[in-house]
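Throughout, numbering of the chain's residues begins at 1 and tracks the sequence.
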Amino acid sequence: LLEFSGDDDFYNGGSFYTNSTDLGRLCSISFQVDVYCPPRKRTRISAPFHFGEAEVEQNKQPSIDVLPDECLVEIFKRISGGKERSSCACVSKHWLMLLTSIRKGEYESSKVVKENVGSNSGDVEMILSEEDDGYLTRCLEGKKATDMRLAAVAVGTSGHGGLGKLSIRGSSSSRGVTNFGLSAVARGCPSLKVLSLWNVPRVGDEGLCEVAKECHLLEKLDLCQCPHLSNKGLIAIAANCPNLTALSIQSCPKIGNEGLQAIGKLCPKLQSISIKDCPLVGDHGVSSLLSSASSVLSKVKLQGLSITDFSLAVIGHYGKSVTNLMLSGLQNVSEKGFWVMGNAQGLQKLVSFTIASCWGVTDVSLEAIGKGCANLKQMCLRRCCFVSGDGLVAFAKSAGSLECLQLEECNRVTQSGVIGVLSNCGLKSLTLVKCMGIKDISLEAPLSSSCNSLKSLSIRNCPGFGTASLAMVGRLCPQLQHVDLSGLCGITDAGLLPLLENCEAGLVKVNLSGCLNLTDEVVLHLTKLHGATLELLNLNGCRRITDASLAAVAENCVFLSDLDVSRCAITDVGIAALSHAEQLNLQVLSFSGCSGVSNKSMTFLKKLGKTLVGLNLQHCNSISTQTIELLVESLWRCDILF
């Protein structure tokens with residue numbers, strides 16, 4: 001008002017009254033009449049102005065900047081809401097750093113809530129985040145993972161339900177996350193329940209100890225490639241986080257037995273433990289985990305450790321609650337260790353067991369495991385070079401509850417071993433991957449029994465598995481629904497047709513990718529016999545498949561939703577036949593690498609696109625860029641790869 005000069009504009013300068021008497025009149029009537037003030041934003045006065053006879057010089061420097069940090073911290077503690085604190089954090093890096101030094105419980109608003117929550121809980125407004133499980137999730141990766149961003153996360157999430165999950169993956173060695181950033185999160189986010197640190201070389205025990213000190217609700221901790229974290233940080237977690245249920249440690253060279261012993265002793269709720277490539281972890285650390293937390297520990301993964309037979313004996317004796325067990329790369333464990341683990345009879349609840357690259361797994365120890373794990377349903381053996389077909393048959397007979405068997409790179413397993421397993425147990429799923437010991441031999445003796453329980457058969461990249469082997473499997477397993485024969489270059493139409501004819505239940509998913517010798521005859525029989533049940537068909541790389549196969553699919557398949565004919569001899573004629581099938585409701589369609597598909601198919605693809613959610617046209621060199629653009633515009637609901 002003092003700067004008003006007769007119009008709606010503001011001007012820098014003195015009063016529009018020339019003396020103090022006129023100004024006094026204005027002040028005397030201001031309480032009696034209303035004065036019109038235009039709705040304009042006041043400008044900052046940079047020049048000195050006169051009020052009465054006194055002249056006041058405005059201080060150009062804001063007064064709050066001259067306050068010491070201690071005063072600013074006390075002011076910040078009295079800011080009531082998270083939104084206001086976030087606004088203060090945006091002023092400068094200095095203010096952000098001061099805000100991160102304040103623990104959430106030190107704010108006056110937090111103290112008031114704590115005092116009144118018992119007496120008048122209805123006056124307390126609960127602020128819930130929109131994330132799953134009622135808390136916020138933040139993930140920082142690569143260059144975005146810095147202390148400054150962590151400080152901003154700590155301040156910004158405190159007023160919106162609190163941070164519950166934090167994942168830091170990868171960090172710059174020069175300006176990445178340090179103990180300071182992790183400590184800021186710990187002080188500002190006591191609600192943190194899940195913490196994942198991957199490849200953060202500048203974070204050490206100091207930051208992890210601060211997390212342990214402030215975040216008592218921590219439930220899951222994942223540490224990967226943290227070279228400066230040691231037993232000290234892990235002991236602090238064990239002492240202050242009694243709710244810890246899952247711990248994963250990978251490639252942390254300074255973490256050893258002492259930290260794991262503390263976890264086993266002080267974390268009674270631990271349910272899952274995963275340790276990989278930690279050279280200081282030995283028998284004492286692993287055994288303390290199993291013996292101390294045996295009542296609830298259900299998932300155990302041990303990979304690349306220097307443990308011996310002693311640890312496996314402890315697992316076999318104390319692992320009474322273990323349901324999932326994975327042992328990989330245990331070079332110091334012998335046949336005796338696995339044999340004792342099985343005969344200890346403690347793994348009665350074990351359901352899923354995976355063994356990879358362990359030399360101690362032999363026919364003898366594998367049979368002992370089958371006898372000692374009465375409820376074992378899933379067994380996976382990878383690169384177990386001393387397991388033969390006879391040992392596999394003995395294991396299948398002893399493991400009465402076995403439903404799923406997966407063998408990868410077990411080169412001593414033969415065709416007779418596979419047939420013996422199928423004939424002597426109630427498997428529901430069998431998977432063979434890169435088992436080079438299987439040779440295609442025709443057996444003259446009739447098969448003793450069939451495996452009516454097998455629903456899924458997957459034989460991938462086993463070059464010795466040919467026509468004769470496939471025919472025998474077809475006679476043995478009449479109830480197959482899922483068949484994956486990808487990478488079997490040796491099979492022909494003559495070998496696959498008996499399998500298709502013997503499947504009484506009706507095939508649902510068929511993957512024949514990479515079977516170079518198959519022709520349209522297989523697809524014709526497949527669609528005629530199983531067109532009423534077939535939902536997925538993958539013919540990727542079957543170069544002898546032509547438009548005739550697509551015509552058969554269009555005529556006979558009713559429920560097919562996923563079709564892949566990439567790198568096949570398909571042309572526009574085949575796509576036209578597909579588009580004319582009224583009963584088809586394809587959702588995923590792939591023609592990648594089909595040079596015979598051209599711009600002429602655009603109309604047919606548009607018609608098919610009414611139901612498609614995914615279309616792969618990569619490496620279709622006969623389709624122009626303009627046609628692709630028109631398809632993208634027309635099929636806006638479909639994800640098109642080109």
Side-chain angles (χ1 to χ4, degrees), residues 303-304 309 312 325-343 352-373 376 378-399 402-425 427 429-443 445 447-448 451 454 457-473 476-477 484-491:
Q303 305 177 65
D309 297 341
L312 265 66
L325 179 61
M326 179 179 181
L327 305 176
S328 176
L330 306 182
Q331 304 301 328
N332 295 329
V333 178
S334 66
E335 179 186 63
K336 180 180 178 181
F338 284 98
W339 184 86
V340 171
M341 182 179 67
N343 284 301
S352 177
F353 195 5
T354 299
I355 306 175
S357 302
C358 293
W359 295 346
V361 180
T362 63
D363 293 345
V364 176
S365 59
L366 189 61
E367 185 178 4
I369 291 173
K371 292 179 179 179
C373 305
L376 185 64
Q378 300 176 4
M379 185 67 180
C380 177
L381 299 174
R382 297 192 183 106
R383 295 180 295 277
C384 295
C385 55
F386 295 112
V387 175
S388 68
D390 295 337
L392 207 60
V393 173
F395 167 74
K397 290 180 179 180
S398 59
L402 191 65
E403 296 180 355
C404 177
L405 178 61
Q406 182 174 346
L407 306 176
E408 297 184 16
E409 299 183 45
C410 297
N411 295 327
R412 292 189 65 187
V413 174
T414 61
Q415 181 198 67
S416 60
V418 175
I419 301 299
V421 168
L422 293 176
S423 302
N424 291 281
C425 72
L427 279 181
S429 174
L430 175 63
T431 300
L432 304 176
V433 181
K434 296 182 180 180
C435 294
M436 303 301 176
I438 299 177
K439 305 299 181 183
D440 198 37
I441 302 174
S442 298
L443 297 180
L447 300 175
S448 58
C451 183
L454 194 71
L457 175 65
S458 178
I459 304 174
R460 305 194 301 268
N461 299 311
C462 298
F465 202 96
T467 300
S469 303
L470 201 59
M472 284 187 289
V473 170
L476 268 175
C477 310
D484 185 353
L485 305 177
S486 55
L488 299 187
C489 303
I491 63 173

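Using a 4.5 Å cut-off on side-chain heavy atoms (C-beta onward), Asp484 and Thr431 make no contact. Contact of the Leu470 side chain with the Leu485 side chain is registered, since non-hydrogen atoms from C-beta on lie closer than 4.5 Å. Using a 4.5 Å cut-off on side-chain heavy atoms (C-beta onward), Cys462 and Leu488 make contact. Contact of the Val387 side chain with the Cys410 side chain is not registered, since no non-hydrogen atoms from C-beta on lie closer than 4.5 Å. For the pair Leu366 and Met379, the minimum side-chain heavy-atom distance is below 4.5 Å. A heavy-atom distance below 4.5 Å is not found between the side chains of Val333 and Met341. Between Leu330 and Leu312, some side-chain heavy-atom pair lies under the 4.5 Å cut-off. When side chains are defined from C-beta on, Met326 counts as touching Ser328, because their heavy atoms get closer than 4.5 Å.
Shortest non-hydrogen contact noted between Gly417 and Val393 is O-CG2, 3.7 Å. Smallest separation of non-hydrogen atoms from Leu422 and Cys451: O-CB, 3.1 Å. For the residue pair Gly329 and Cys358, the shortest heavy atom distance occurs at N-SG, 3.9 Å. Considering every non-hydrogen atom in both Trp339 and Ala368, the closest pair reads CD1-CB, 3.7 Å. Considering all non-hydrogen atoms of both residues, Ile438 and Phe465 come closest at CG2-CD1, 3.8 Å. Of all heavy-atom pairs between Asp309 and Lys336, the closest is OD2-CB, 4.0 Å.
Put simply, the side chain of Glu335 never gets that close to the backbone of Val364: no donor and acceptor are under 3.5 Å apart. Between the side chain of Gln331 and the main chain of Gly304, no donor-acceptor pair closer than 3.5 Å is present. Checked by atom type and distance alone, the side chain of Ser423 never pairs as donor or acceptor with a backbone atom of Gly420 at under 3.5 Å. Counting only distance, with no hydrogens or angles, the side chain of Asn411 and the backbone of Cys385 share no donor-acceptor pair below 3.5 Å.
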Residue pair Val421, Phe395: steps toward the side-chain contact (heavy atoms from CB on, under 4.5 Å) verdict: CA-CA 9 Å; Val421 168; Phe395 167 74; over 6 Å; no

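We find the CD1-CG distance between Ile369 and Asn343 to be 10.0 Å, quoted to the nearest 0.5 Å. Interatomic distance, Arg383 CZ to Glu408 CD, rounded to the nearest 0.5 Å: 7.5 Å. Annotation: the span from Leu381 atom CG to Thr354 atom OG1 amounts to 8.5 Å, rounded to 0.5 Å. Considering CD of Gln406 and CZ of Arg382, their distance stands at 5.5 Å, rounded to 0.5 Å. Rounding to the nearest 0.5 Å places CZ of Phe338 at 5.0 Å from CD1 of Ile355. Here the straight-line distance linking atom CG of Leu376 with atom CD of Glu403 works out to 10.0 Å at 0.5 Å rounding.
For Glu367, the salt bridge (Lys or Arg N to Asp or Glu O under 4.0 Å) criterion is met by Lys371, not counting sequence neighbours. Residues satisfying the salt bridge (Lys or Arg N to Asp or Glu O under 4.0 Å) criterion with Arg412, sequence neighbours excluded, are absent altogether. Partners of Ser458 under the side chain to side chain donor-acceptor pair (under 3.5 Å) rule, at least two apart in sequence or in another chain, are Arg460.
For the 3.5 Å distance criterion, the side chains of Asp390 and Ser388 fail to qualify, holding no donor opposite an acceptor.
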